[in-house]
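Worksheet: the structure to be examined is printed underneath.
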Amino acid sequence: MSRYDPKEVEPRWRARWEQEGVFRTRAPREAGGKPKYYVLEMFPYPSGAIHMGHARNYVMGDVVARFKRAKGFNVLHPMGWDAFGMPAENAAIERGIHPKGWTYDNIAAMRSQLKLLGLSIDWDREFATCDPEYYGKQQRWFLDLMKRGLVYRKESVVNWDPVDNTVLANEQVVDGRGWRSGALVEKRKLTQWFLRITDYADQLIDGLKTLERWPEKVRLMQENWIGKSQGLRLRWPLVEPGPDGSDEIEVYTTRPDTLFGASFIGLAPDHPLSEALARENPDVAAFIEEARRGGATEAEIETGEKKGVFTGLYVRHPFDPQWKLPVWIANFILMGYGTGAIFACPAHDPRDLEFARKYDLPVLPVVQPPNIDDPINIEDEAYVGPGTLINSRFLNGLSVETGLAAAIRKAEELGVGAASTVYRLRDWGVSRQRYWGCPIPVIHCPRCGPVPVPDKDLPIVLPDDVSFDQPGNPLARHSTWKQASCPSCGGAAERETDTLDTFVDSSWYFARFTNPDASAPIDRDAADYWLAVDQYIGGVEHAVLHLLYARFITRALADDGMLDVREPFAGLFTQGMVTHETYRTPDGKWVEPTDVDLKVSGSTRAATRRSTGETLVIGDIEKMSKSKKNVVAPEEILGAYGVDAGRLFVLSDSPPERDVQWTAGGVEGAWRFVNRVWAEFDDLVLGDDAPTDSAAAQALRRSTHKAIKAVTEGFESFRFNSAIARLYEFVNTIKSIDRAAVGATARREALSALARLISPLVPHLAEECWTRLGDTGLIVDAPWPEFDPALAVDDELVLPVQINGKRRGEIRVKPGAAEDEVRQIALSDEAVSRHLDGATVRKVIVVKDRIVNIVAG
RNA sequence: GCCGCCGUAGCUCAGUGGUAGAGCGCAUCCUUGGUAAGGCUGAGGUCCGCAGUUCGAUCCUGCGCGGCGGCACCA
C-alpha cells in the first residue's frame, strides 16, 4: 500500500507525454482515415497569471479533446495568445517596462502555468498575435480586403480624452469622464478606418440559423445586436427651404401605417439641418449645446428627460400637401440610426407621446384595438398593439400589417419614399491611436492620398525604440518610423500611425492555427481540412463582439478565396464563471479565503479571521476578483491536492454553462474521489476468476456497461458534472462488490473501463491506474471503452403499482413482460388487493417496463 | 420596458408524463497498522405558488412570485 502522491505522479506523466510527443497534431495524410476534430478554447490575454476561470475553460476543452481522441478522431487542440492591447502600454507607462518585454514575460509565465494543468495541447503550433510573423500576415489580408472595398476611411465622432490624448471606447468612459485620467471626455470628429461589416449584415443574420450547435441565447443576442428592421424612407418637403438650402427632410419609419397620425417631425440635435439652424438661431444653438453636454454617454440619454426646441420650420405631409407639420429638434433622436430624423405619431409611440404632452402637440389616434367597441382614447399611454386603421383616409379599415404595405406602396407610387432596411449594426471602427497593436499598412501621401503598402514591404513592424514618457501615441511622435516614401509616386510621405483594434487579431487566429508556419496568411489546404472549429469554448461575455467579428472576417476571407468555410465555429459552448464566497471584517474590509476559518454547526456557519481571531461577515457568492479578495489561485490547489483533483472539482459541482462555486469542501471531495479510485488499483490483485455468468459477475458487468453509456453520453453532450456523478456511483459499486463472487474477469473489465472513463477528467491518475492494470502503452492512446447494450439490460425490474395515481405497492417482472401478464401479477399482489379493498377495477394502465396504474372506485 | 435563462435535500446541482437522486455538509457508530485518514448506517423534500390538461404533473399549458443575464429613447 502506498498513498497516492500527485506531486510525484503528475509531473512524471506530463514528462512522458511530452517525451513521446503524443499531443502533436497528425497531418491529414498521417491520420489514416480518422475523421478530424478541431477543439479550441478562446485564447487568453497574457495578463501574467492563470486564474480559475481560465483553468475551467481550458480543462473543459481538454476533456473534449481527450475524449474525442479516445473515440478515434484526429484532433487539433492548439493554444496561443491574444497579446496586443492596452494593459501592456499601461504597464509601460506606470512601471517603465517595454510592452514587448512585459507581454512575452507574461506569456512565458502563463505557458508554464498552463502546462501544469496537464492539457493535451499541441504546443508546436503556439503563436502570439504580437509576433510580427502573425500580424504581418494580418496586414496582408487587410490590404486584400481594402482592394475589395471592405476597408474605408470616414470621419466619425469619437470619445476623446484630452489628457491622455487618445480615443476611448464607450466602456472606458465612466460618467462622462475618462476611466484613467478622470478628464471630461469630449466628442471629437476624427478620421478613422472602418471595416464594412454592414455589407454582411444579412448574411450574418441568416448564418445564425445554420449554427445548430450554438446556444440559442448567443444567437438571439447576435440577432438583436445586428438589429435588422424593415421600414420606409420618406421625404417630407419643407414649406420654406432650410438655412443650408435643403428643401426636404428624409425620415425613416417602421410604422408607415400610422402616417395619418403624424404630429410633428423630429430631428436629431446633430442632424445637419439642426446644425445649420443653430448657426442663425441662438435658441437652437443653446439647445444643441445642452443636448451635447447632457448626452455625453448613452446611459445619460436613457434616464434623461425628453426635451426639444421648435425650429420655426414646417413641412408638408407627403400624402397631403395641404397638411403642414412643425419641425422640432429633440434630444431623444439619434443621428446614428436611420436618417437621424423621424415623424412622430404620439398616439402609437410612447416616446413621441411623452414629447407631445410636454410641448402640447396634437395626439391623433389612428389604430383601433380589436375587440373594443368604444373609439380609442389616448391618455398617458400610447397604444402599440395590433388593430384596424382609422382616421387614415385610404388606409381606413386595413389592419396594421396590410396598412403598412399599402402605405409603402403609395409612397413609392408618389415617388416620395422607398422601402428600406435599416440595421442597428454599424460599420466596425478599427483605428486605435495606440502603440501596442498591429500597424495599419498604409502610407499617406500628400499627392496620392492613402496608399497601401506593397506586399514586398510587409510586414510593417512596430519599432522597439519608443517612449511612453508623454501622453499620446508613441508611433505618431517617433522620430523616423513614420517617414516613408509614397509607393505610388515615390515622393515623401507618412505612415499611418493608428493600429488595429485587437478584435481584428482574434478574428482569424483559429484559421492560422491550422498551419501557423504557412507563408500565406492561411494555408488553404490545411484550413479546408481542419475548419470549421468543431467545438469552440469560451466565456459568454464574447457572445456578441468577438464572435460576430470572427464570423464576419471568416466570410470576408472566404469571399477573397482564402477559405472555404463561411462559419468558423460549428459548435459553441459558453461556460460559466468560477465564483467564491466573500468575507469581510465588521468594518467592511475584504478578507482572503486563505485567512478564514469556517465553523459549521448544524445549519449555521461562522467565519473567523485566522490571523486576528476577528469574527467575519460571510458575504455573497461572487465572481472571483482581486478587488473582493475572493480569489483562489490555481497553484494553491495544485500544491495541496494535485492537478487532477482540481480538474475534477471545477467540472463536478455545476453544469458547465453555469457558474461554479469554489469551496474548500468541494475540492476535498474531489481529492477523496481520486484516492478512492487509486485504492482500487494500488496493489491490484484480481484473484481467482469466477464464471462471468454468475449473478454477481452479471450485476457488475451491468453496472460497467451502464456507466460506459452514461459517461459517454455525458461527455458527448457537455454534461461533465453528470458524467462525474455517474462515475462516483460506479466507483461506489466497484468498491462494494464481493470480489470472490464476481471474479477476476468481470472486475478487470470494470476497472479497465473505469480507468478509461476517468481519463479525460483526471488524466494523470488514469495513466497511473492503467499501469497497474498491466496494460501496455499509454491510456491517452487507448480506445474508448465499448458499450454493449445486451450487457446493460436488467434481468428483473421492479414496477411500482399505483391505485388512482398513488403508489400502493410494487411487483417484480422480467423486462419486456407482456401487458396481460403484468396486469395479472399486479392484480394478484397482496398489497394491491388490500388497498383495492373490494373496489371495482375500472381500468388498468400498463406502461411497459415502467409502471402499472389501476383506476378503481 | 423588451427578450432569454433559472427556481428540486442545509449547500451545489442531476433527473423524469409513472418508485424523487448524486456529491458535499450534518448525525450515529466502527476503525486507530491507509491516520494531514478510512469505513458503516442514518436523518433530511409543499420538486417556488395557483389553476388547467391527464388514469397519473416536479416534468406539459396558462397566470403569478422570486433570482440572474442580455438589450434598451433603434423610430
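This one's a predicted model, so the numbers in the text were calculated from it and none came from an experiment. Each chain gets a letter, A, B and so on, in the order the sequences are listed, and its residues count up from 1.
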As its Watson-Crick or G-U partner within any shown strand, both distances under 3.5 Å, B:G69 has B:C3
Taking the side chain as everything from C-beta on, heavy atoms only, tell me whether A:Phe649 gets closer than 4.5 Å to A:Ile724. no
Heavy atoms from C-beta onward define the side chain here; which of B:A75, B:C3, B:A14 lies closest to that of A:Leu220? B:C3
As a test of the definition: with a 90° window around 0 for syn, would you call B:G52 syn or anti? anti
Using a heavy-atom cut-off of 4.0 Å across all strands, would you classify A:Ile724 as base, sugar-phosphate, or nothing? nothing
Across the strands shown, which category fits A:Asn721 at heavy-atom distances under 4.0 angstrom: base, sugar-phosphate, nothing? sugar-phosphate
Taking the six-membered ring for Trp and the single ring otherwise, decide whether the centroids of A:Phe355 and A:Phe264 are under 6.0 Å apart. yes
Nearest-nucleotide pick for A:Asn331, side chain only, options being B:C3, B:C73, B:G56: B:C73
Output a table of nitrogen or oxygen pairs between the protein and nucleotides 38-45 of chain B separated by less than 3.5 Å.
from: B:G39; atom 1: OP1; to: A:Arg676; atom 2: NH1; distance (Å): 2.7

Kindly write out the residues that satisfy side-chain contact (heavy atoms from CB on, under 4.5 Å) with A:Thr421, not counting sequence neighbours, or none if the list is empty. A:Lys228, A:Gln230, A:Tyr423
Run the side-chain contact (heavy atoms from CB on, under 4.5 Å) test against A:Ser703 and tell me which residues pass, sequence neighbours left out. A:Phe730, A:Thr733
Paired nucleotide for B:C47 [Watson-Crick or G-U wobble; both distances under 3.5 Å]: none
Show the nearest heavy-atom pair for residues A:Ser229 and A:Thr254, with the distance to one decimal. OG-CG2, 3.7 Å
B:C71, B:A14, B:G4: which one has an atom nearest the side-chain heavy atoms of A:Arg424? B:C71
Is the distance from OP1 or OP2 of B:A22 to the nearest side-chain N or O of A:Tyr728 less than 4.0 Å? no
Over all atoms of both residues, closest heavy-atom pair of A:Ala201 and A:Leu425: CB-CD2, 4.3 Å
With sequence neighbours left out, write down each residue that passes ring-ring contact (aromatic ring centres under 6.0 Å, His included) with A:Phe260, or none if nothing qualifies. A:His317, A:Phe319, A:Phe394
Expected list for residues 259-268 of chain A near RNA chain B, using heavy atoms below 4.0 Å, is none
Counting only N and O atoms by type, is there a donor-acceptor contact under 3.5 Å from the side chain of A:Thr339 to the main-chain atoms of A:Glu250? yes
Under the rule for side-chain contact (heavy atoms from CB on, under 4.5 Å), what residues qualify as partners of A:Val400, not counting sequence neighbours? A:Arg255, A:Asp257, A:Val367
Any strand: nucleotide that pairs with B:G25 via Watson-Crick or wobble, under 3.5 Å: none
Can you tell me which nucleotide in B:C71, B:A75, B:G56 comes closest to the side chain of A:Asn853? B:G56
Separation of A:Ile226 atom CD1 from B:A72 atom P, in whole Å? 14 Å
The side chain of A:Phe332 is closest to which nucleotide in this list: B:C3, B:G70, B:C73? B:C73
Examine B:G4: is either OP1 or OP2 under 4.0 Å from a nitrogen or oxygen in the side chain of A:Arg219? Give yes or no. no
Output the rounded distance in Å from CG (A:Asn224) to C1' (B:G69). 13 Å
Pair A:Glu713 + A:Lys709: basic N to acidic O under 4.0 Å: yes
State the pairing partner of B:A57; accept Watson-Crick or G-U wobble contacts with both distances under 3.5 Å, and report none otherwise. none
Grab the CZ-C1' distance between A:Arg726 and B:G21 for me, whole Å please. 8 Å
